[in-house]
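Working notes, beginning with the structure itself.
Chain identifiers are assigned alphabetically (A, B, ...) following the order of the sequence lines, protein sequences preceding nucleic acid strands; residue numbering begins at 1 within each chain.
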Amino acid sequence: MTAQPEAPIRIEALPQHVGQDVTVEGWLTGVRSSGKIAFLQVRDGSGFVQAVVAASDVSESTFESARAVDQEAAVRIHGQVKADERAPSGVELTVTALDVVASGNTYPITPKEHGVDFLFDRRHLHVRHRRPWAMLRIRDVVERGIHDFFHEQGFLRFDSPLFMPTSVEGTTDLFEIDLFGEDTAYLAQSGQLYAEAGAMAFGKVYTFGPTFRAEKSKTRRHLLEFWMIEPEVAYLDHAGNMDLAEALVSYLAGRVLREADAELSILERDRTTLEATAKGGFARLTYAEAIDRLNEEGGDLALPYGEDFGAPHETFLGDLYDRPVFIEAWPTNIKPFYMQPFDDHPELAKCADMIAPEGYGEIVGGSERIHDLALLEARIKEHNLPQEAFAWYVDLRRHGSVPHSGFGMGLERLLAWFTGAKHLREVVPFPRMLTRMYP
RNA sequence: UCGGCGGUAGCUCAGUGGUAGAGCGAUCGGCUGUUAACCGAUUGGUCGUAGGUUCGAAUCCUACCCGCCGAGCCA
């Protein structure tokens, strides 16, 4: 144990300490050694650096311990920061002393290929590795970006409940919670209705929380538990709502390009669609125009007017552009009950879905909400929804009701697109799926 | 729920009726510039489960279990 009073330096800050003696606390992602020199690959959560132990520079016992350490051993390293062009980050650590804090003890995730199931059974360890590390760092950049964007625009974060008395849309499968045999609650699949109450109280609000869908979907675009962002704004109309969604998504793309360049490189992410997205200017197709495009250019994807889109239709439409595209003005009968119809076309809803490019599907769905009491009550009846459960929601239209709009953005869908993930599970620390509850 | 594919060593896989294999990992040794290092040795198996066909089954048949990908539904 060498006396080393200074506080440890994080690896990401090492380029500012070239020539200095520092301490780094971390773990080993790998070790290579020969008879007289050892290379320790070190990570500390902030970055990666190679530490070089030369037999000629250190005591015999230090060199022996450097040769004996294993993958994921926890180590405290003392050494000098050296600029080195061979190093990916530009710096290396020349080791003067090494404390082995704990052994890696035959770490199971070896630096070779592994299957999805093997890695996600060990997700508690897997999150230490480069690719998950980059994914989850970008998740953090986006989450902070969302809060910054809304707060800069005068929004208030307004938390919605996770236990709900009923479904927001009346259709989706919900997870039931038994309340001691006395009542049934459901896990939230949206906070929108509560956000609408918030919009009338604070003008501009957004929710940011987990949501749950009990759909037996087993595709790369589905999780049982995912995070959703739902802004809701009083006095905002349908067109303004699309402007807001576009501003948010283009802001986030720009922020990831600026703040997560190294992470995008680790993921080998092509930046073309992100760079286009950051400039804004998203195309806006009406549902009718989208149907025409499908029928004229979509081949097998031809679809009669009035049908909802499937995943292949979304992929086709998304691939028409280098940045997201809005599909607006859908027939009201294939959309939820609360959407405001156009005055001159009551059969069409003032709503829009935002489709991501590159096959990542719908990332935003939003609309202007019905603010007229009588119309909302009629819609609830048409959809056979339980009137008692929606009484408070209807009551909002009785006291100073104004036009208002909002949308929901799926965090994981957005992140999967930003990062180029093959599956949503890659952008969540501990994904929850039909076949995945552990760890 | 439906469709396609798959389950063999700790991991990734090869093996289509005749003695259970490779690479990596792990262990030991060698190597002063390695980037998934390299070289030598050692270690390693209920071939998803149950039943059937056969002189003989990882291999053929039946049922079931589990996983992956997709559809529907959705973000």
Is [X] salt-bridged to [Y], going by a charged N under 4.0 Å from an acidic O?
X	Y	answer
Asp148(A)	Arg255(A)	yes
Arg271(A)	Glu275(A)	no
Glu25(A)	Arg10(A)	no
Lys82(A)	Asp84(A)	no

Residue whose nearest RNA chain B nucleotide is more 5′ - Met409(A) or Val116(A) |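 Its nearest nucleotide being more 5', the pick is Val116(A).
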Want to settle it: does Glu225(A) or Arg436(A) sit nearer the 5' end of RNA chain B, counting the closest nucleotide to each?
->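 It is Arg436(A) whose nearest nucleotide is closer to the 5' end.
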N/O donor-acceptor pair, side chain His114(A) with base C11(B), under 3.5 angstrom |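 Result: no qualifying N/O pair found.
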Output the rounded distance in Å from [atom1] ([X]) to [atom2] ([N]).
X	N	atom1	atom2	value
Ile109(A)	U12(B)	CD1	C1'	14 Å
Arg221(A)	C69(B)	CZ	C1'	11 Å
His129(A)	C11(B)	NE2	C1'	13 Å
Asp300(A)	G70(B)	CG	C1'	16 Å
Lys218(A)	C74(B)	NZ	P	19 Å
Glu215(A)	C74(B)	CD	C1'	4 Å

Axial cation check for Phe155(A) ring with Arg157(A), 6.0 Å and 45° limits |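 Relative to the ring axis of Phe155(A), which defines the angle, Arg157(A) lies outside at least one limit.
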Lys/Arg cation over aromatic Phe418(A): Arg269(A), 6.0 Å, 45° cone =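 Geometry flag: not set, cation outside 6.0 Å or 45°.
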Please state whether the rings of [X] and [Y] are parallel, tilted or perpendicular, taking 30° and 60° as the class boundaries.
X	Y	answer
Phe309(A)	His313(A)	tilted
Tyr287(A)	Tyr305(A)	perpendicular
Phe390(A)	Tyr393(A)	perpendicular

Paired with [N] by Watson-Crick or G-U wobble geometry, both distances under 3.5 Å: which nucleotide is it?
N	answer
C64(B)	G48(B)
G3(B)	C69(B)
C38(B)	G30(B)
A22(B)	U12(B)

Applying a 4.0 Å non-hydrogen cut-off, can you work out what [X] is touching in the nucleic acid: base, sugar-phosphate, or nothing?
X	result
Gly310(A)	sugar-phosphate
Leu223(A)	base
Gly30(A)	nothing

Quick one: what's the B/S/- string for nucleotides 26-37 of chain B, heavy-atom cutoff under 4.0 Å, read 5' to 3'?
-> -----BBBBBBB
Side chain of Phe118(A) (C-beta onward), nearest among C11(B), C68(B), A71(B) =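 Out of C11(B), C68(B), A71(B), the nucleotide with an atom closest to Phe118(A)'s side chain is C11(B).
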Listed in order of residue number, which residues of residues 420-429 of chain A have a non-hydrogen atom at under 4.0 Å from RNA chain B?
->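 Heavy-atom contacts with RNA chain B come from His423(A), Leu424(A), Arg425(A).
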Drop me the distance from Thr273(A)'s OG1 to Arg323(A)'s CZ, to the nearest 0.5 angstrom.
->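 Going from the OG1 atom of Thr273(A) to the CZ atom of Arg323(A) covers 10.0 Å.
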